[in-house]
Amino acid sequence: MLTPAPGRVIVEKVVKKQEEGGLLIPDSIDKKYYEAKIVSLGENTGSFLRKDDLVLVHRLAGVEVKHENKDFIIIKPEEILAVVNFASM
């Protein structure tokens, strides 16, 4: 598993697809943000964020990385626009 540097958060996009007239259209194609699940937190990322929180992130934020055949995005906490659903403690 990846461990982020201090002040960084690793998220994984939550992929949702819509079906329109028999065509599958990615949910993120027309949005300026995407939903993501927090996978890992570095030190000094703020006390309000927790692993497994569902958050909204600007679509151009962060750096995309591939690790163990999975796609992740490493972002700064300030690039998180909102928390959609807090993970249970």
Task: CD1-NE2 distance between I80 and H58, expressed to the nearest 0.5 angstrom - done: 14.0 Å

TODO: Would you give the length of the straight line joining atom CG of L81 to atom OH of Y33, rounded to the nearest 0.5 angstrom?
DONE: 9.5 Å

Task: Same apolar cluster: L60 and I74, side chain cutoff 4.5 Å - done: no

Task: Straight-line distance of I10 CD1 to H67 NE2, nearest 0.5 Å - done: 8.5 Å

Task: Residue pair V14 / K37: nearest heavy atoms and the distance that separates them - done: CG2-N, 4.0 Å

Open item on the list: Going by side chain to side chain contact (heavy atoms under 4.5 Å, CB included), name the residues that satisfy it together with L41, two or more places apart in sequence or in a different chain.
Closed with: V9, I38, T45, L49

TODO: Could you check if a side-chain atom of D71 sits within less than 4.5 angstrom of a side-chain atom of E12, using non-hydrogen atoms only?
DONE: no

Open item on the list: Would you say that V55 contacts E35 through its side chain, given a criterion of any heavy-atom pair below 4.5 Å between the two side chains?
Closed with: no

Open item on the list: Restricting to non-hydrogen atoms, name the atom on P4 and the atom on G42 that form the minimum distance, rounded to 0.1 Å.
Closed with: CG-N, 3.2 Å

- [ ] Calculate, to the nearest 0.5 Å, the distance between atoms CG and CG belonging to D52 and L54 respectively.
- [x] 10.0 Å

Task: Where I73 and K13 come nearest, the two heavy atoms and their spacing - done: CD1-CE, 3.5 Å

